[in-house]
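Below, all heavy atoms of this structure are taken into account, side chains as well, without hydrogens, waters or symmetry copies.
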Amino acid sequence: MRKLWIIVLLLIAFQSFGQRLRYKDLFPMIYTSQEETALMMLKEYLISEPEHANANYMLAGIYATRYLSSDVLTQHETALANAEQVQLRILKCRTLIDQREIRRNDEYYLDENGNPMNYQTVDSILTVNYESANEFTDKAPAVYENFTSSVFYYDKTIKIYAEICGAYNSLDNLLMLYDDELEAKLSNLENYYDSTLYFFNEYKRLTEEYPIGYDQQLVIKEIERFRLQGLVGRVDFLQPEIPIWNYGKWSEEIRGQVRDVVGILREKLNANHREIEQAYRAEVSEGEEFKSRLDNQMVYDLEKLDFQSLPVAILNYRDFINELRYKESNKRYYDTAESLDAASKYIYYSEIINQIREADTLLNIVESRNVDAKRSKHMEFMSEFYGGASGLQQYISLQKSRNTEKFQEYVLGMRNAIVENNRESTSIDSGQYVTFKRKKYPKWVTGSTSQPEAGTIYTTHQKVNPDGSVYIGGIYLKESDVTNTVSYIGKIANDKVQWLREFDISVDSVKSDANNVLGALELTKEGVLVVINSKHLTSDLSLNTFYYLDDNGKDTFVRQLEEIVQFPRVIKYFEAQNRFILAFSGDDIDQPLDQDTQMQIAAFNGVGDQLWVKSQSFAGRFVDITGLSDGYLLTANYTHYEDSSLESKTGLLTIRLDSRGNVISDLPLESSEGFYITHVIKASDSNINFLGFKGNLSDYDGSGLRYDRNLVHIILDGRNQLVSSSLN
């Protein structure tokens, strides 16, 4: 009701202003009304009576209340306007209020309790309020401006830091991609941060002289992890503890790292590249030892900042090529040395071939990193040494061509070395016999047959020991009531039989009832390994017997292989593992090449205990078993394997096994002409050579290698992957 009454009175009063409403009638309403209402009434009254003393006095008081109750930082403009009004109204009051005015109108000048005041009290109030307003208008703007400037500059630091975080996804990239634009941003970041501190400190100093009701403190936090710290939105500077990030120190540290870390690294990088390049131009003497020029510490430090760095890839390649040049300097020695054993030549060529392949791998890494994102970190390096992206690509192309030429050169060297060492058959020339117990045994390989003639002795296997002694083995058909074949194995030294044993093994009785064929033979340092295949004369029964004979022909062990019924093809002894690996396939010695058969691979330890047996199907003929550091590689000439069928032609089949006989990978290779492999030469675990001829395996006469247009040379690595092929 009171508010309604005031509103009604105001309406009446405002309508009566035109009729000069008396102040004494208006004063009670002004005195008892809310501040906003009183302000409105006074402003209206002063329009018609601008010189009224108490109206100006009352209005000055309302403005004083308003500016004194305003927040200097959040309501600065309003507070300043009210304080200026106080100054204006008090100056007006000074011209209108004197002792006479107070005596005549003391009912208008009341204290807090509603009692009239004397002139001295009113004058004191005017003086105090005028000085207070003067102090406010004099000091508050500076406080406000320094505070808002501090906030303004910190907001700018936040935005600049956010831009930097958006442009660089890691500190390493920031350091490596540092340029003039980033330098300008860091300079602004540091200046704005310093300005933030400067204006805040000024604000604090001014508020100590002129308190405004706030007492904030900055809490400075260090940026220790780029992008994970320092990214914030607006910060509330009105709270007692204001958390801010030390962008100034961070900017200074970044500049220091660019100068003291990245800059020095770039100098070392350039110097190392020049050193490696100079070493490449220097002459290399035969047999000279290689000394790497690669600054490994520099590479390590650079890779920490620039993971998968382009310059590091270039230096690795160029230093590797320098090492290759030193190894190549020995080529003439390995090509011409007459007393050098074949294995040493194989190893040398293998090392060079493998190193050229490794060089190509390193060069591919360089090419894969020749992209804008990698080059942009080393623009000066790229420009100085390679003339930019296109120049580096030209260098890569030239190096690829040179590596291809070198690779072909050393593959040919390897081929020549193998051919020279295997030009002659390891068999003794035909026509030479040795006599033992009135029987004449051929010292050369006469060939194998499933239909021997009575009275003829066939030598199917022959191995020459390093000391010149010879092991021969074969079969002959007995001339007796039971006409079965008997196998034999003997050792010859100085054209005399040292010992000779015959094997007439029965399959299911004590009497002769089976044809015995020597299937596989292998030498060891202590003697000879043989597997005799015994096939029953009238049934399908078959038995394989594994013999390890010492140097005097005595049994080291004998094992009947009851689970393995296929014909024995290859035996290999691996001394490092003290393990024997045997390969079996087909029903008899004359297994057709195009007939699918079960292939069985078996492993035995040094005392003849069976370790494992694995089976797989293929059509063809075993060639060899090669030992690898982590298993074995089977080699066969094949006509059919899984989905690969060559009809009447043969190709190369290699199967990689682990040490337990499990298949890791297989690789069937073929050509339109057909070819077959006769020799498998392991130079190293990463260089296994397969040599043979184009044409039909049935045409092979067992002779050694020879130079002609039909010669085939294939190289695989220990992972069973193709390295080189003359069929391409």
*asked:* Under 6.0 Å from the ring centre and within 45 degrees of the ring axis: does the NZ or CZ of Arg621 meet both conditions for the six-membered ring of Tyr676?
replied: no

*Report the C-alpha distance between Asp630 and Arg656 in whole Å, list the side-chain angles of each, state the deciding distance to 0.1 Å, and finish with yes or no for side chain to side chain contact (heavy atoms under 4.5 Å, CB included).*
CA-CA 10 Å; Asp630 57 354; Arg656 181 186 173 197; 2.8 Å; yes

Looking only at heavy atoms, which two atoms of [X] and [Y] are closest? And how far apart?
{"X": "Lys443", "Y": "Ile492", "value": "CG-CD1, 4.0 Å"}
{"X": "Arg501", "Y": "Gly553", "value": "NH1-O, 2.9 Å"}
{"X": "Ser487", "Y": "Leu518", "value": "OG-N, 3.0 Å"}
{"X": "Ile581", "Y": "Ile601", "value": "CG2-CG2, 3.9 Å"}
{"X": "Leu711", "Y": "Arg415", "value": "CD2-CD, 3.9 Å"}
{"X": "Ile489", "Y": "Trp499", "value": "O-CZ3, 3.5 Å"}

*Evaluate the salt bridge (Lys or Arg N to Asp or Glu O under 4.0 Å) criterion for residues Lys491 and Asp551: first the C-alpha distance (whole Å), next the side-chain angles of each, then the deciding distance (0.1 Å), finally the verdict.*
CA-CA 8 Å; Lys491 181 180 180 182; Asp551 198 42; 2.6 Å; yes

Once you measure the plane-to-plane angle for [X] and [Y], does it fall in the parallel (<30°), tilted (30-60°) or perpendicular (>60°) bin?
{"X": "Tyr548", "Y": "Tyr573", "answer": "tilted"}
{"X": "Phe557", "Y": "Phe546", "answer": "perpendicular"}
{"X": "Tyr441", "Y": "Phe436", "answer": "tilted"}

Tell me, do [X] and [Y] make a side-chain contact under 4.5 Å, heavy atoms counted?
{"X": "Ile688", "Y": "Leu628", "result": "yes"}
{"X": "Ile365", "Y": "Gln308", "result": "no"}
{"X": "Leu634", "Y": "Thr654", "result": "no"}
{"X": "Phe675", "Y": "Ile714", "result": "yes"}
{"X": "Tyr638", "Y": "Glu670", "result": "yes"}
{"X": "Ile321", "Y": "Asn403", "result": "yes"}
{"X": "Phe584", "Y": "Leu561", "result": "yes"}
{"X": "Lys400", "Y": "Asn364", "result": "yes"}

Would the number of heavy atoms belonging to other residues, nucleotides or ligands and lying under 6.0 Å from [atom1] of [X] be above 12?
{"X": "Tyr707", "atom1": "OH", "answer": "yes"}
{"X": "Asn494", "atom1": "CG", "answer": "no"}
{"X": "Lys327", "atom1": "NZ", "answer": "yes"}
{"X": "Asp540", "atom1": "CG", "answer": "no"}

Roughly how far, to the nearest 0.5 Å, is the [atom2] atom of [Y] from the [atom1] atom of [X]?
{"X": "Lys478", "Y": "Ser512", "atom1": "NZ", "atom2": "OG", "value": "3.0 Å"}
{"X": "Leu537", "Y": "Asp513", "atom1": "CG", "atom2": "CG", "value": "6.5 Å"}
{"X": "Thr626", "Y": "Leu716", "atom1": "OG1", "atom2": "CG", "value": "9.5 Å"}
{"X": "Ile655", "Y": "Lys614", "atom1": "CD1", "atom2": "NZ", "value": "13.5 Å"}
{"X": "Leu294", "Y": "Asp319", "atom1": "CG", "atom2": "CG", "value": "5.0 Å"}
{"X": "Asn354", "Y": "Tyr410", "atom1": "CG", "atom2": "OH", "value": "13.5 Å"}

Do [X] and [Y] have side-chain N/O donor and acceptor atoms under 3.5 Å apart?
{"X": "Ser469", "Y": "Asp467", "answer": "yes"}
{"X": "Thr639", "Y": "Asp594", "answer": "no"}
{"X": "Asp717", "Y": "Ser686", "answer": "no"}
{"X": "Asn330", "Y": "Tyr348", "answer": "no"}
{"X": "Asn544", "Y": "Asn533", "answer": "yes"}
{"X": "Ser671", "Y": "Lys694", "answer": "no"}
{"X": "Tyr346", "Y": "Asn689", "answer": "no"}

_Check against side chain to side chain contact (heavy atoms under 4.5 Å, CB included), Asp555 and Leu549_ = CA-CA 5 Å; Asp555 293 339; Leu549 309 179; 3.1 Å; yes

Looking at [X] and [Y], would you say the former's side chain and the latter's main chain have a donor-acceptor pair under 3.5 Å?
{"X": "Tyr334", "Y": "Ser344", "answer": "no"}
{"X": "Ser506", "Y": "Lys511", "answer": "yes"}
{"X": "Thr459", "Y": "Pro442", "answer": "yes"}
{"X": "Glu303", "Y": "Val299", "answer": "no"}
{"X": "Trp444", "Y": "Gln462", "answer": "no"}
{"X": "Lys572", "Y": "Asp624", "answer": "no"}
{"X": "Gln566", "Y": "Gly586", "answer": "yes"}

*Show your reasoning for whether side-chain hydrogen bond (donor to acceptor under 3.5 Å, both in side chains) applies to Ser684 and Asn687.*
CA-CA 5 Å; Ser684 66; Asn687 188 290; 5.5 Å; no

*Is Glu522 salt-bridged to Lys463, cutoff N-O under 4.0 Å?*
yes

*Intermediate values then yes/no, salt bridge (Lys or Arg N to Asp or Glu O under 4.0 Å), Lys439 and Glu502*: CA-CA 12 Å; Lys439 293 179 182 176; Glu502 295 184 345; 3.2 Å; yes

*Evaluate the side chain to side chain contact (heavy atoms under 4.5 Å, CB included) criterion for residues Ile418 and Met414: first the C-alpha distance (whole Å), next the side-chain angles of each, then the deciding distance (0.1 Å), finally the verdict.*
CA-CA 6 Å; Ile418 294 174; Met414 172 70 83; 4.0 Å; yes

*Given salt bridge (Lys or Arg N to Asp or Glu O under 4.0 Å), test Arg660 with Asp658 step by step and report yes or no.*
CA-CA 5 Å; Arg660 292 177 172 270; Asp658 64 16; over 6 Å; no

_For Tyr547, the option from Tyr488, Phe580, Phe604, Phe503 that meets ring-ring contact (aromatic ring centres under 6.0 Å, His included)_ = Phe503

*Output, in order, the C-alpha distance, side-chain angles, deciding distance and verdict of salt bridge (Lys or Arg N to Asp or Glu O under 4.0 Å) for Lys345 and Glu420.*
CA-CA 11 Å; Lys345 288 186 178 183; Glu420 285 300 318; over 6 Å; no

*Go through the steps for Ile472 and Val434 under the test side chain to side chain contact (heavy atoms under 4.5 Å, CB included), then give the verdict.*
CA-CA 10 Å; Ile472 59 172; Val434 63; 4.2 Å; yes

